[in-house]
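Throughout, protein chains are lettered first and strands after them, A, B, ... in sequence-line order, and every chain is numbered starting at 1.
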Amino acid sequence: MKSERQIAEAIAAALRELGLELSDDVIKVEKPARPEHGDFASSVALGLSKRVGRNPRDLASQIASTAAISEIPHLASVELAGPGFINFRLENGYLHEALLEVIEDGEDKFARSTLGADEKIQLEFVSANPTGPLHVGNAWYASFGDSLGRVLSRCGYDVSTEYYVNDTGGQIRTLGESLLARRSGDAPPEGGYRGEYVVELAKRYDGPEDITIAGRFAAKENLENIRQSLEKLDIHFDEWYSQASIEESGAVAETIAILEGQGSTYEKDGALWLDATRFGDTRDRVLKKSNGDFTYLAGDIAYHRNKFLVRGFQRVIDIFGADHHGQVASLKAAVAALGIDPDRLEILLGQMVSLVEGDRKVKFSKRAGDVVAMDWLVDQVGAPVVRLLSLSSSIDRASSIDVEEARKTSMDNPVYYIQYAHARIASIERVRQERGIVLVDVDQVPVDLLQHPRELELIRTLVRLPEVVEAAAKERAPQKVVTWLREFASDFHGFYHDCPVLAESTPPDLVQARLLLVSGAQIGVRVALGLIGVAAPEQM
RNA sequence: GCCCCUGUAGCUCAGCGGAUAGAGCAGUUGCCUUCUAAGCAAUUGGUCGUAGGUUCGAUUCCUACCGGGGGCGCCA
C-alpha cells in the first residue's frame with residue numbers, strides 16, 4: 001500500500017542524506033506480526049551494517065533521526081528494537097486514507113495492477129484425454145489453473161486459457177474398440193475402457209463398424225461431457241485446441257522437418273530421434289517411430305511451436321499432473337531446439353491427490369472404471385467447496401481430500417465462513433434500505449471515527465489485498481487469495497460482532513463511517529471471491 | 001541408480017530470510033431481546049523429519065541422511 005511505499009522512499013532518502021547511496025533492494029519494509037513492533041518495520045540497518053562497517057543499532061539510530069524519516073506522512077513514532085530494527089508507528093489516519101482509496105477504486109479497479117504490462121500469456125490446464133468422464137484426479141487442479149488465470153488477468157496480463165484436446169492416437173483407438181465391443185454386446189478388449197459410460201455411448205452410436213470413427217464419436221461425446229463438468233465449477237476455456245487438427249494440418253511434419261533441417265535429429269533403429277541431450281534433456285527422444293507414426297512428443301512440440309511462433313504468446317504456462325513430470329525436460333529441450341528461450345515455457349506440476357472417504361481410500365483409474373467423477377464430487381459437496389478445497393493447499397503438496405469432511409455443510413466448512421461474511425454485508429445493506437437510512441457523500445463521511453480495534457484491523461486486512469493478488473500472480477500461487485479471504489472473514493466477523501453498524505445505540509455519524517467501511521469490505525471480498533471463482537451470496 | 005515434489009499441533013493444511021510459528025477441524029468453556037449464533041471470545045495442544053552448514057538472524061536458503069508421493073517408453 002501507499003504508506004509502505006512512502007516509508008521505503010523515506011528510508012532511501014535517509015540513506016542518501018547519510019551519504020550511503022545504495023540500491024533499493026536492500027530496503028525492506030514489512031508489516032510486523034506483533035503490534036508492539038509498530039505498523040511497519042524495516043531491517044535495512046541489519047542488512048547494511050556489514051557493508052558500511054558500522055554496528056546495526058547505531059546505523060538504525062542514525063537513519064531514524066534523519067529529516068527524511070521525520071517527514072513520513074502520518075508518522076506517530078519511530079523506535080529502535082532488537083538487533084537493529086526500525087519500527088514505525090503511524091497515526092490511524094493512514095488507514096482511513098487507505099479505506100477511502102478502496103472506495104474510490106471500487107470493485108473494478110481495486111486490487112488491479114499493471115504488473116503484467118499486457119504480456120501475452122497462455123495458460124494450458126486440465127487437458128484430460130476425452131476417453132471418459134472428467135475425474136477428480138485429473139481435474140483437481142482445474143480450479144487452480146482457472147484462478148491463476150483470473151489473478152494474472154487482474155494483474156494486467158493478456159491471458160488466454162486453453163484445453164489441449166487429445167483426440168487422436170492409441171487411446172482414442174482403444175476407446176473406439178471398446179465402444180464397438182459394447183455395441184455388439186461383448187466385453188471391452190484387454191486394456192480397453194470398461195466404464196459404464198461406454199455402454200451408454202454405444203447405445204447412441206449408429207455409425208459404421210470403424211474403430212477410428214467410433215473412437216472420434218466417443219471422444220467428442222466425452223469432451224462435451226467434460227466441458228459441462230467444468231462449467232459446473234465455473235471454469236470456461238478461451239480455446240479448445242485439437243491435437244488431431246494439428247496433425248491433419250501437417251504442422252507436425254513441418255515442425256519435425258525444421259528440426260531435421262537444422263541437424264537436431266538423427267536416425268537410429270529405423271526411428272527418428274531428437275538430439276535432446278544437446279538441449280538439456282537427460283536422454284534423446286523419439287519423434288517418429290519405426291512404424292512411421294509420430295510420437296506424442298512430436299505432436300506436443302508442434303503444438304508448442306504453434307503457441308510461441310504461430311500465435312505469438314510471449315509466455316506459456318502449462319499445468320501438468322506430477323505423473324507427466326517426465327515430459328518436462330524433453331518439451332523444454334525441444335522448445336530450445338526451435339530457438340525459443342525455454343524460460344518462456346513454465347511448466348507447473350500439480351502433485352497427485354488422493355481421495356479418502358472415512359477409511360476407504362479411492363484410487364483413480366479410468367480403464368478399470370473405478371473412478372471418482374468430478375460431477376459426483378461436485379454433487380456431493382457443491383462447487384464452492386470443491387473450488388476452495390482445491391485452492392487451500394499448494395499444488396506442490398500431495399494432499400488428501402476427505403469427502404466426508406468436505407460434505408459437512410455446517411459451520412465447520414471454511415467456504416461458508418467466508419461466504420457468510422459476504423451475506424452479512426449484504427444483510428446490513430438490506431436493513432439499511434428497509435430503515436431508509438440515507439448514505440451521505442463519501443467526502444462527508446467522518447471516517448476518522450473508525451478507531452475501534454476491530455475496525456482498524458478490518459481496514460488493515462482489506463487494504464492488503466492488492467499486494468496479496470500481486471504476490472499470487474508473481475508466485476503463481478492463487479491460493480494466497482484464499483488465505484487472505486480467511487483472514488478477512490475472521491476480521492469481518494469480529495467487527496460485525498463488536499461494532500453494530502445499524503444499532504440504535506450507534507451515533508448517526510458512526511453509522512455512516514461504519515457503512516463506508518462495510519462497503520469497502522464488500523468491494524474487497526467480492527474481488528477476492530471473484531478471483532477464486534466462488535459465488536458471493538446475498539443471503540444464506 | 002538418477003530426477004521432481006514433500007515431511008510444521010491428534011487430523012487437514014497455511015507461513016517459505018526477520019523479533020514470542022498460525023488457521024480450520026477435533027477437545028474443554030463462556031456469549032443470542034441487537035445488522036443472520038453458518039458468528040464471537042477464552043482455553044488445551046509444536047524437538048517446524050534428523051544432523052551439519054550459510055547468515056546479524058533459518059520453519060524458510062544449501063548439503064547429507066531418514067520417511068512419504070510421483071517420474072525416468074518407438075504410451076499418452
Using modelled atom types and a 3.5 Å cut-off, is there a donor and acceptor pairing between side-chain atoms of A/Gln512 and backbone atoms of A/Val440? yes
For B/C32, does the O4'-C1'-N9-C4 (purine) or O4'-C1'-N1-C2 (pyrimidine) torsion place it in syn, i.e. within 90° of 0, or in anti? syn
For the residue pair A/Phe492 and A/Phe488, does the interplanar ring angle fall in the parallel (under 30°), tilted (30 to 60°) or perpendicular (over 60°) class? parallel
Requiring both pairing distances under 3.5 angstrom, list the stems that contain RNA chain B and are made of three or more consecutive Watson-Crick or G-U pairs. B:1-7 with B:66-72, B:10-13 with B:22-25, B:27-31 with B:39-43, B:49-53 with B:61-65
Which value, in whole Å, describes the distance between the C1' atoms of nucleotides B/C40 and B/A51? 45 Å
Which nucleotide in B/G18, B/A76, B/A37 has an atom nearest any side-chain atom of A/Gln327: B/A76
Is there a side-chain contact between A/Ser393 and the phosphate of B/A14, meaning an N or O under 4.0 Å from OP1 or OP2? yes
With a 3.5 Å distance limit and no angle check, can you tell me whether A/Arg526 reaches the backbone of A/Ala536 through a side-chain donor-acceptor pair? no
Under the salt bridge (charged side-chain N to carboxylate O under 4.0 Å, His left out) rule, what do A/Asp300 and A/Arg285 come out as? Steps first, then yes or no, please. CA-CA 13 Å; A/Asp300 221 8; A/Arg285 309 282 171 174; over 6 Å; no
State, to 0.1 Å, how close A/Ser330 and A/Gly326 come at their nearest heavy-atom pair, and which atoms those are. OG-O, 3.6 Å
Reckon A/Glu36 touches a base, only the sugar-phosphate, or nothing at all at heavy-atom distances under 4.0 Å? base
Nearest listed nucleotide, side chain of A/Gln243, among B/G70, B/A76, B/G24: B/A76
Return the value, rounded to whole Å, for the distance between atom CE of A/Met352 and atom C1' of B/C4. 12 Å
By a strict heavy-atom criterion of less than 4.0 Å, which residues belonging to residues 501-513 of chain A are in contact with RNA chain B? A/Val501, A/Leu502
Rounding to an integer number of angstrom, what distance separates B/U20 and B/G57 when you compare their P atoms? 14 Å
Take atom P in B/C66 and the same atom in B/U59, then report the distance between them in whole Å. 23 Å
Write down the distance between CG (A/Leu348) and P (B/C4), rounded to a whole number of angstrom. 16 Å
Please find the pair of heavy atoms, one from A/Ala60 and one from A/Gly84, that lie closest to each other, and give the distance. CB-O, 3.7 Å
Using atom OH of A/Tyr420 as one end and atom P of B/C35 as the other, report the distance to the nearest whole Å. 12 Å
Say you pick atom P in B/C16 and the same atom in B/U6; how far apart are they, in whole Å? 13 Å
Taking it one step at a time, do A/Glu162 and A/Lys307 satisfy salt bridge (charged side-chain N to carboxylate O under 4.0 Å, His left out)? CA-CA 11 Å; A/Glu162 186 153 315; A/Lys307 294 186 187 194; 5.5 Å; no
Donor-acceptor check, side chain of A/Ser178 to backbone of A/Gly192, threshold 3.5 angstrom: yes or no? no
Ring-on-base stacking B/A76 with A/His324 (under 5.5 Å, under 30°): yes
Which atom pairs link the protein and nucleotides 6-12 of chain B when you take only N or O atoms and keep those under 3.5 Å?
| unit_1 | atom_1 | unit_2 | atom_2 | d |
| --- | --- | --- | --- | --- |
| B/G7 | OP1 | A/Arg397 | NH2 | 3.4 |
| B/U8 | O4 | A/Arg397 | NH2 | 3.3 |
| B/U12 | O3' | A/Ser400 | O | 3.3 |

Looking at A/Gln351 and B/G69, is any side-chain donor or acceptor paired with a base atom of the opposite kind under 3.5 Å? yes
What protein N or O atoms touch nucleotides 73-75 of chain B N or O atoms at under 3.5 angstrom, if any, and at what distances?
| unit_1 | atom_1 | unit_2 | atom_2 | d |
| --- | --- | --- | --- | --- |
| B/G73 | O5' | A/Arg283 | NH1 | 3.2 |
| B/C74 | OP2 | A/Arg283 | NH2 | 3.3 |
| B/C74 | O2 | A/Ser290 | N | 2.9 |
| B/C74 | O2 | A/Ser290 | OG | 3.0 |
| B/C74 | N3 | A/Ser290 | OG | 3.3 |
| B/C74 | N4 | A/Asp269 | O | 2.9 |
| B/C75 | OP2 | A/Lys289 | NZ | 3.0 |

Check every strand shown and say whether A/Thr483 touches a base, only sugar-phosphate, or nothing at a heavy-atom separation below 4.0 Å. sugar-phosphate
Scan nucleotides 28-31 of chain B against the protein and return all N/O pairs shorter than 3.5 Å with their distances rounded to 0.1 Å.
none

Which atom pairs link the protein and nucleotides 53-55 of chain B when you take only N or O atoms and keep those under 3.5 Å?
none

For a quick test of reading the model, state the closest non-hydrogen atom pair linking A/Val482 to A/Ser392 and the distance between them. CG1-OG, 4.4 Å
C1' atoms of B/U63 and B/U28, separation to the nearest Å: 45 Å
Please test A/Asn306 against A/Tyr241 for side chain to side chain donor-acceptor pair (under 3.5 Å), starting from the C-alpha separation and ending with a verdict. CA-CA 11 Å; A/Asn306 173 279; A/Tyr241 211 89; 3.1 Å; yes
Can you tell me how far C1' in B/G7 sits from the matching atom in B/C13, rounded to whole Å? 13 Å
Does OP1 or OP2 of B/C56 have a side-chain N or O of A/Arg57 closer than 4.0 Å? no
Could you check whether A/Phe85 and the base of B/A19 form a stacked pair, meaning centres closer than 5.5 Å and planes differing by less than 30°? yes
Closest non-hydrogen contact found for A/Gly520 with A/Leu99 is CA-CD1, 4.2 Å
Under 4.0 Å between a side-chain N or O of A/Tyr303 and OP1 or OP2 of B/A76? no
Using only atom types and a distance under 3.5 Å, with no angle test, would you say the side chain of A/Thr168 pairs donor to acceptor with the backbone of A/Gln243? no
Check whether any side-chain N or O of A/Lys332 sits under 3.5 Å from a backbone N or O of A/Pro342 as a donor-acceptor pair, and report yes or no. yes
Compute whether any side-chain donor of one residue and acceptor of the other, for A/Asp284 and A/Thr277, lie under 3.5 angstrom apart. yes
Side-chain contact check for A/Lys480: nearest option of B/C16, B/A38, B/G18 is B/C16
Just how far, in rounded Å, is C1' of B/C72 from CG of A/Asp281? 10 Å
Tell me which nucleotide among B/C40, B/A19, B/C13 gets nearest to the side chain of A/Asp498. B/C40
Looking only at side-chain N and O atoms, does A/Arg34 come under 4.0 Å of OP1 or OP2 in B/A21? no
Any idea which of B/A37, B/A19, B/G70 is nearest the A/Ala41 side chain? B/A19
C1' spacing across the pair B/A9 / B/G27, given as an integer number of angstrom: 13 Å
Rounded distance in Å - CD (A/Glu124) to C1' (B/A76): 13 Å
Here the distance between atom C1' of B/C40 and atom NE2 of A/His452, to the nearest Å, is 12 Å
Which of these nucleotides, B/A76, B/A19, B/C3, is closest to any side-chain atom of A/Asn129? B/A76
Euclidean distance, atom CD of residue A/Glu30 to atom P of B/G57 [Å, nearest integer]: 17 Å
5' priority, RNA chain B, between A/Arg430 and A/Asn166 [closest heavy atom]: A/Arg430
